[in-house]
Amino acid sequence: DGNAPPLTPPCQGGGQDGIMPLLSNEENKEITPPLSKGGQGGVSYVCELKIDGSALALTYENGILVRGATRGDGVSGEDITQNVKTIRSIPLKLNLDNPPPVVEVRGEAFLSLAVFEEINREREKTGEQLFANPRNAAAGTLRQLDSKVVDKRRLDFFAYTLYLDAGNEQNTQWDSLELLQTIGFKVNPNRKVCYSLDEVREYYEFWDTERRNLPYMTDGVVVKINSVLLQKQLGFTQRFPRWAIALKYPAQEVPTIVEAVTVQVGRTGALTPVAELKPVQLAGTTVSRASLHNGDRLSELNLHIGDTVIVRKAGEIIPEVVRVLAELRPQNAQLFQMPSCCPECAQPVVREKGEAVTRCINTSCPAILRGSLIHFCSRDALDINGVGEKLVQQMVDSNLLTSAADLYDLTAERLMGLERMGKKLADKLVSAIAQSKNKPYSRVLYGLGIRHVGTVNAQLLTERFTNVEDLATVSAAAIEGVYGIGPEIAQSVSQWFRVPANQSLIARLKIAGLQLHSEIKSQNLADINLQFAGKIFVLTGTLPTLKRDEAKDLIVKAGGKVTGSVSAKTDYVVVGEDAGSKLEKAQSLGIKILSEAELLELLVT
DNA sequence: GCCATCGGTA
DNA sequence: GAGAAAGGAG
DNA sequence: CTCCTTTCTCTACCGATGGC
């Protein structure tokens with residue numbers, strides 16, 4: 001979803017991050033960041049409509065369209081370049097005399113309401129399942145394997161961001177939009193430069209009603225600081241730029257009834273109450289469940305079974321219970337409270353003082369085991385394709401799996417005893433598991449599911465402690481020495497390695513042949529390239545000739561470092577086919593972006 | 001050909 | 001994708 | 001204490017794939 005870089009949601013009342021308070025509260029004249037740096041002194045804003053479709057990143061090399069990518073982490077993303085080429089509003093060739101070697105264009109692919117309805121009429125005739133809404137239809141179409149089908153679906157495209165080489169940059173966002181238009185893109189005509197926040201507010205309010213007359217769906221307005229120089233000065237806070245914001249129109253709210261509340265048990269043992277709702281149509285989808293988060297939220301809502309509640313889709317995506325209409329409560333309705341026993345294993349649950357979550361602490365709770373296994377196999381961890389919820393359920397129930405290490409003892413024959421498991425699937429699975437043995441140490445560490453060790457902290461830890469033995473034997477105090485790791489996390493890690501079951505898990509994974517140490521061992525000094533020394537690289541997408549591991553090797557050998565996620569500390573992002581969120585983040589952080597060719601060139605110099 | 005499951009996206 | 005909670009740095 | 005980052009958990013839908 002969304003326009004341009006990820007943007008802050010409208011501020012929820014508090015008012016440090018958005019200009020939403022200005023829009024909803026006339027009295028609040030205080031100008032708040034991120035857009036506060038101007039408004040008077042000649043600072044201008046560009047307002048654009050936020051089209052509800054699917055974000056697309058296009059790469060042009062020497063003026064020719066070579067890649068089209070949606071989001072994703074790019075590791076296993078599909079090639080949608082062929083599909084993108086069927087979109088008529090995307091030029092195959094830039095209308096530019098001397099095109100820079102690489103041009104990146106971002107924009108929104110969408111289906112007009114008319115085309116959407118036409119497609120659904122057609123599908124109704126042929127008895128196919130109807131699309132729920134234009135956004136889903138557009139996203140689904142882009143992933144279609146047969147580009148002829150895509151061609152027929154008549155996708156449209158509005159460009160909104162242009163990235164040129166340094167030196168070729170435009171001075172303002174407005175100029176970028178104009179240039180996009182002259183080089184052959186469709187740019188949404190309903191854009192405007194505003195010179196004050198009052199003007200921005202006017203624009204927002206005008207389109208709140210006017211958008212209903214547009215032939216495509218919009219869900220808000222994007223406001224950007226016009227000056228590129230100022231954008232750079234403002235920079236970025238956390239996940240978002242300080243110079244842009246999305247102002248979303250209020251979500252549609254609808255009443256429904258809570259038929260029941262179920263409690264789910266996550267991999268950490270956390271108990272999450274979920275409202276089972278009488279299904280309602282909302283923002284083009286059917287909503288039947290909504291998270292209630294935790295015990296605190298639950299008591300705040302004072303929710304009873306059978307209550308009528310107001311639900312909405314936060315950001316048009318996530319169902320949320322806004323409030324309970326207590327006056328409509330049936331008599332004798334039962335208050336729902338967090339259970340005192342785990343719904344999976346019936347052991348008593350605990351809630352630590354000062355913490356919001358209620359947890360099952362039974363080390364052999366099957367729900368926790370299942371969750372841990374799913375996490376271990378997940379994409380950011382060992383990326384074992386084909387292992388999903390149902391399969392894990394089956395394998396745990398049939399005692400095929402009692403820990404992640406058991407995965408590496410599985411054979412096709414043993415798997416084929418399971419339901420719906422033929423030779424083909426079983427072979428695929430065994431091969432996927434074998435492949436995971438090559439995944440780097442940091443991913444394995446992440447996959448272990450140690451509390452507070454996500455992708456970032458796993459990376460930090462593996463950099464400092466280059467093999468598990470060190471990490472397992474070192475004191476909590478030593479772990480705390482890592483920048484970014486404090487006492488809580490250090491304690492959590494240290495304790496994890498002191499549990500005998502975990503120690504034997506590590507031992508077995510080691511025997512299975514998993515990577516439990518970083519490869520950056522003895523470095524050949526002669527290979528070190530000054531341009532690479534200490535530089536942090538991130539790879540994204542499928543590179544044209546190199547395998548990911550090969551590219552990583554080359555960088556590491558040259559003295560560089562390859563990490564998994566883009567942050568402010570990243571120096572270069574190497575982009576391949578179907579680059580996803582990392583490219584996007586890199587762009588929004590202004591990090592230097594390299595193609596494979598450029599990387600290789602840098603290596604030889 | 002239908003159905004369940006999985007992976008990816010918003 | 002949203003949002004809540006909680007940890008780390010200063 | 002505040003600001004920021006990170007972790008963790010949650011939903012709905014669509015297309016692809018393999019089993020039977």
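Every chain is numbered from 1 and lettered A, B, ... according to where its sequence line falls, protein lines coming before strand lines. Worth saying up front: this structure is predicted, and the values here are computed from it rather than measured.
- Side-chain atoms of Thr285(A) never come within 3.5 Å of backbone atoms of Gln281(A) as a donor-acceptor pair (strictly under, hydrogens ignored).
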With salt bridge (charged side-chain N to carboxylate O under 4.0 Å, His left out) as the test, would you mind laying out the steps for Arg297(A) and Glu300(A) before giving the verdict?
-> CA-CA 5 Å; Arg297(A) 291 299 310 255; Glu300(A) 251 173 63; 3.8 Å; yes
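- Each of Glu480(A) and His293(A) was assigned the nucleotide of DNA chain C with the nearest heavy atom; the assignment lying further toward the 5' end belongs to His293(A).
- As rounded to the nearest Å, dA4(B) and dA4(C) have P atoms that lie 35 Å from one another.
- For the pair Asn457(A) and dT7(D), the criterion of a side-chain N or O lying under 4.0 Å from OP1 or OP2 is met.
- Minimum atom distance to the side chain of Glu488(A) is reached by dG8(C), of the listed dT9(D), dA9(C), dG8(C).
- Distance from the side chain of Phe131(A) is smallest for dC14(D) among the nucleotides dC6(B), dA10(B), dC14(D).
- Between Lys428(A) and dG18(D) there is a side-chain N or O to OP1 or OP2 distance below 4.0 Å.
- Taking the C1' atoms as reference points, dC2(B) lies 47 Å from dA6(C), given to the whole Å.
- For Arg451(A), whose side chain is taken as the heavy atoms from C-beta onward, the closest listed nucleotide among dC8(D), dA2(C), dG3(C) is dC8(D).
- Residue contacts for Leu130(A): at a heavy-atom cut-off of 4.0 Å it reaches the sugar-phosphate backbone alone, with no base atom in range.
- Listed candidates were dT6(D), dG7(C), dC14(D). Nearest to the side chain of His452(A) is dG7(C).
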side-chain contact (heavy atoms from CB on, under 4.5 Å) between Gln393(A) and Arg370(A), intermediate numbers included | CA-CA 7 Å; Gln393(A) 171 92 270; Arg370(A) 290 197 305 267; 3.3 Å; yes
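- Across the protein-nucleic acid pair, Leu56(A) atom CG and dA10(B) atom P stand 10 Å apart, rounded to whole Å.
- A distance below 6.0 Å separates the ring centres of Phe158(A) and Tyr216(A).
- No side-chain donor from either of Glu108(A) and Ser54(A) sits under 3.5 Å from a side-chain acceptor of the other.
- Contact annotation for Thr268(A): backbone-only contact, meaning every heavy-atom pair under 4.0 Å involves sugar-phosphate atoms and none involves a base.
- Listed nucleotides: dG18(D), dC13(D), dG8(C). Nearest to the side chain of Ile489(A): dG8(C).
- The closest side-chain heavy-atom distance from Leu301(A) to Leu298(A) is not below 4.5 Å.
- Near DNA chain C, meaning a heavy atom under 4.0 Å from it, residues 296-303 of chain A has Arg297(A) in order of number.
- Distance, Gln281(A) CD to dA12(D) C1': 11 Å, rounded to whole Å.
- Taking every side-chain heavy atom of Thr272(A) into account, dC10(D) is the closest of dG8(B), dC10(D), dA12(D).
- For Glu389(A), the CD atom counts as loosely surrounded, since its 6.0 Å shell holds 12 or fewer non-hydrogen atoms of other residues, nucleotides or ligands.
- OP1 or OP2 of dT11(D) sits under 4.0 Å from a side-chain N or O of Arg289(A).
- Across residues 354-362 of chain A, Gly354(A), Glu355(A), Ala356(A) each have a non-hydrogen atom less than 4.0 Å from an atom of DNA chain C (numbered order).
- Between Thr455(A) and the phosphate of dT7(D), there is a side-chain N or O to OP1/OP2 separation shorter than 4.0 Å.
- A donor-acceptor pair under 3.5 Å is formed between the side chain of Asn502(A) and the backbone N or O of Trp496(A).
- Between Gln129(A) and dC14(D), a side-chain N or O to OP1/OP2 separation shorter than 4.0 Å is absent.
- With hydrogens and angles left out, the side-chain atoms of Lys85(A) and Ser147(A) include no donor and acceptor closer than 3.5 Å.
- Relative to the side chain of Arg420(A), the nucleotides dC13(D), dA16(D), dG19(D) differ in distance, and dG19(D) lies closest.
- Note on Ser54(A): a side-chain N or O is less than 4.0 Å away from OP1 or OP2 of dA10(B).
- One can place CG of Leu461(A) at 11 Å from P of dG8(C), the figure rounded to the nearest angstrom.
- Under 4.0 angstrom from either OP1 or OP2 of dT9(D) there lies at least one side-chain N or O belonging to Arg267(A).
- Judged purely by distance below 3.5 Å, without hydrogens or angles, the side chains of Thr262(A) and Glu276(A) pair a donor atom with an acceptor atom.
- One finds no side-chain N or O of Tyr446(A) lying less than 4.0 angstrom from the OP1 or OP2 phosphate oxygen of dC8(D).
- With 3.5 Å as the limit, one finds no donor-acceptor pair spanning the side chains of Thr81(A) and Arg67(A).
- In the set dT9(D), dG15(D), dA12(D), dT9(D) carries the atom at the smallest distance from any side-chain atom of Ala270(A).
- Phosphate contact (OP1/OP2 of dG8(B), side-chain N/O of Arg379(A), threshold under 4.0 Å): present.
- In this structure, the nucleotide among dC14(D), dG15(D), dT11(D) sitting nearest to the side chain of Arg153(A) is dG15(D).
- Rounded to an integer number of Å, the gap from CD of Gln264(A) to P of dC8(D) is 17 Å.
- At least one side-chain nitrogen or oxygen of Asn294(A) sits closer than 4.0 Å to the OP1 or OP2 atom of dA5(C).
- At least one side-chain nitrogen or oxygen of Lys248(A) sits closer than 4.0 Å to the OP1 or OP2 atom of dA2(C).
- Protein atom CD1 of Ile374(A) is 12 Å distant from nucleotide atom P of dC10(D), rounded to whole Å.
- Rounded to whole Å, the distance from NZ on Lys313(A) to P on dT11(D) is 12 Å.
- Comparing dA9(C), dT11(D), dA12(D) against the side chain of Tyr483(A) picks out dA9(C) as the nearest.
- One can place CD1 of Ile318(A) at 13 Å from C1' of dA4(C), the figure rounded to the nearest angstrom.
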List, one per line, each side-chain donor-acceptor pair under 3.5 Å for residues 480-495 of chain A, sequence neighbours excluded.
| residue | atom | partner | partner atom | Å |
| --- | --- | --- | --- | --- |
| Ser492(A) | OG | Arg451(A) | O | 2.8 |
| Ser494(A) | OG | Arg498(A) | NH2 | 2.5 |

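- If you measure from atom CG of Asn385(A) to atom P of dG15(D), you get 20 Å, rounded to the nearest angstrom.
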